[in-house]
Amino acid sequence: MPKFHLQFKNSLPDYQPYLPFPSNSNLLVPGGLFIDPCFPSSLLDLVSPFKGSPPSKNTACVSRRQKRESVAVKDLFFLSVSLSSDGLVSEHKECHLQNELNKKNKRAAAQVKQKVRVTRRGAVNTTKHLWAGAIAAMVSRTFVAPLERLKLEYIVRGEQRNIFELVKKIALTQGLLGFWKGNLINVLRTAPFKAVNFYAYDTYRKQLLRLSGNEETTNSERFIAGAAAGITATVLCLPLDTIRTKLVAPGGEALGGVIGAFRHMIQTEGFFSLYRGLVPSIVSMAPSAAVFYSVYDMLKSAYLHSPEGRKRIQNMRQMGQDLNALDQLELGPVRTLLYGAIAGACAEVATYPFEVVRRQLQLQVQASKMGALATGLKIVEQGGIPALYAGLIPSLLQVLPSASISYFVYEFMKIVFKVN
């Protein structure tokens with residue numbers, strides 16, 4: 001089959017043909033036209049854009065040296081010609097060179113890798129965040145377990161003795177380890193609860209700050225984030241708290257531990273018995289978490305904006321990597337413990353009656369089950385308003401060190417784990 005070569009250059013010294021590629025291009029483009037022998041030679045005149053123009057060096061074949069040279073170009077246009085017995089049809093097509101495609105593919109691959117790295121980094125940061133909250137709960141709860149035991153004795157068993165007589169009774173009947181009775185299940189419940197609580201609060205607060213566009217979180221945003229964090233943690237962790245309360249209650253020793261209590265409640269009272277007291281729990285935890293986190297955040301923000309706080313932050317930046325983990329605490333160790341204790345005390349006093357009602361609801365059996373309001377009224381009828389604050393003193397004695405230690409350990413572990 002005869003073959004007719006066409007080569008175009010749109011910038012010619014003696015002739016400027018019309019070409020289907022940009023006029024500012026200085027590119028020499030080789031092309032080929034295959035013609036069936038049945039077509040007359042006169043038909044070539046219809047195809048060639050150099051009709052009537054004598055051949056010149058500009059339309060000559062490309063030399064071997066030129067063919068070996070690589071030309072970097074973004075877009076290349078060529079003329080596609082189809083010949084048939086019915087006539088001649090031509091169309092313009094745009095061709096992207098392989099090097100441009102490679103660049104785009106490399107950029108896309110780089111973007112995908114960057115997204116994967118960001119996702120992995122976010123997952124690792126979330127895990128560290130949760131572990132910081134869990135460790136804070138483990139340390140604080142174990143430290144104040146004896147005070148927690150005293151509080152439950154007042155709420156669950158309705159203890160009427162003063163605190164010193166109660167301490168003597170537990171020590172004589174159960175020994176020193178009796179003050180840590182139920183601590184394992186307490187840690188198992190509190191660790192995920194606090195981990196979710198701390199992480200959820202920080203996440204909600206950052207999201208609200210991003211939505212509002214403010215430079216700093218407002219007090220209302222702190223309250224909303226704290227309430228949402230309390231609700232989230234309560235829904236996820238309430239079953240463990242219910243089992244723990246069942247074990248500490250009279251007759252709980254016969255249930256055979258956590259698994260035994262879980263099986264007993266599922267078989268005798270149904271799955272939803274694990275969520276008994278969910279509404280009062282949410283009602284109590286939402287404002288409690290809102291007060292706890294917002295009070296701490298407000299105290300922290302007030303200090304960091306004070307002259308003393310600004311000077312401390314400036315000194316920390318100057319010291320840089322020379323500081324140890326304790327010195328990197330923005331509030332310092334003492335102030336972190338103090339502000340955590342104040343926040344815990346405010347939250348406990350504001351929401352303690354809901355805690356009393358919730359515990360009583362968890363102890364009810366299906367046959368004599370009452371609602372939260374009816375339970376609260378019954379408590380008031382039997383003991384008056386002070387009955388809603390039964391065990392508040394030992395509870396505060398437990399909350400003050402627990403809140404201060406938990407926030408201190410949490411802030412410390414975030415520095416150790418390098419949580420962003």
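Bear in mind that the values here come from a model prediction, so they are computed numbers and not experimental data.
Considering only heavy atoms from C-beta on, Phe408 comes within 4.5 Å of Leu326 through its side chain. For the pair Arg222 and Tyr293, the minimum side-chain heavy-atom distance is 4.5 Å or more. Side chains of Met285 and Phe193 form a contact here, defined as non-hydrogen atoms less than 4.5 Å apart. A 4.5 Å side-chain heavy-atom check between Glu330 and Ile313 finds at least one atom pair inside the cut-off. Side-chain contact between Leu397 and Val144: absent, with no pair of heavy atoms (C-beta onward) separated by less than 4.5 Å. Residues Ile266 and Phe262 form a side-chain contact, since some pair of their non-hydrogen atoms from C-beta on lies under 4.5 Å apart. Here the side chains of Leu238 and Leu274 are not in contact, with every heavy-atom distance at 4.5 Å or above.
The line from OG1 of Thr336 to CD1 of Ile405 is 13.0 Å long, rounded to the nearest 0.5 Å. Taken from SG in Cys346 to CG in Leu299, the straight-line distance is 8.0 Å, to the nearest 0.5 Å. How far CG of Leu176 is from CD1 of Ile170: 11.0 Å, rounded to the nearest 0.5 Å. Going from atom CZ of Arg141 over to atom NZ of Lys194 covers 7.0 Å, rounded to the nearest 0.5 Å. Distance check, rounded to the nearest 0.5 Å: NE2 of His305 to CD of Glu216 gives 4.0 Å. Here the OG1 atom belonging to Thr203 is positioned 11.0 Å from the CG atom belonging to Leu208, to the nearest 0.5 angstrom.
Looking at every heavy atom in both residues, Val187 comes nearest to Thr142 through CG2-OG1, 3.8 Å. The shortest non-hydrogen separation linking Ser294 to Val291 is OG-O, 3.3 Å. Shortest non-hydrogen contact noted between Lys169 and Thr173 is O-OG1, 2.7 Å. Scanning both residues, Val139 and Val409, for their nearest heavy atoms gives CG1-CG2, 4.2 Å. Pairing each heavy atom of Ala137 with each of Ala191, the nearest pair is CB-CA, 3.7 Å. In terms of heavy-atom proximity, Ala325 sits nearest to Phe412 at CB-CE1, 3.4 Å.
Side chain of Ser301 to main chain of Met298: no donor-acceptor pair is present (N/O by atom type, distance under 3.5 Å, no hydrogens or angles). A donor-acceptor pair is defined here as one N or O able to donate and one able to accept, closer than 3.5 Å; no such pair exists between the side chain of Asn214 and the backbone of Thr217. Remark: side-chain polar atoms of Arg149 are not paired, donor with acceptor, to backbone N or O of Lys181 under 3.5 angstrom. The backbone N or O of Val295 lies less than 3.5 Å from no partner atom in the side chain of Tyr339, so there is not a single donor-acceptor pair. With hydrogens and angles disregarded, no donor-acceptor distance shorter than 3.5 Å links the side chain of Thr351 to the backbone of Phe354. Of the possible donor and acceptor atoms, none in the side chain of Glu411 sits under 3.5 Å from a partner among the backbone N and O of Leu329.
In the displayed structure, Tyr389 atom OH is contacted under 6.0 Å by at most 12 heavy atoms of other residues, nucleotides or ligands. More than 12 heavy atoms of other residues, nucleotides or ligands lie within 6.0 Å of CG in Leu172, so this atom counts as buried by the packing criterion. Within 6.0 Å of CZ on Phe143 lie no more than 12 heavy atoms contributed by other residues, nucleotides or ligands.
For Tyr407, the ring-ring contact (aromatic ring centres under 6.0 Å, His included) test picks out Phe198, Phe292, Tyr296, with sequence neighbours left out.
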Stepwise side-chain hydrogen bond (donor to acceptor under 3.5 Å, both in side chains) check, Asn315 with Arg312: CA-CA 5 Å; Asn315 293 335; Arg312 176 177 174 80; over 6 Å; no
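Between Lys300 and Asp297 there is no salt bridge, since no side-chain N of the basic residue sits under 4.0 Å from a carboxylate O of the acidic one.
Ring geometry, Tyr410 versus His129: the interplanar angle falls under 30°, so the pair is classed parallel (tilted spans 30 to 60°).
In summary, the side chains of Arg210 and Gln207 do present a donor paired with an acceptor at a separation below 3.5 Å, with no hydrogens or angles considered.
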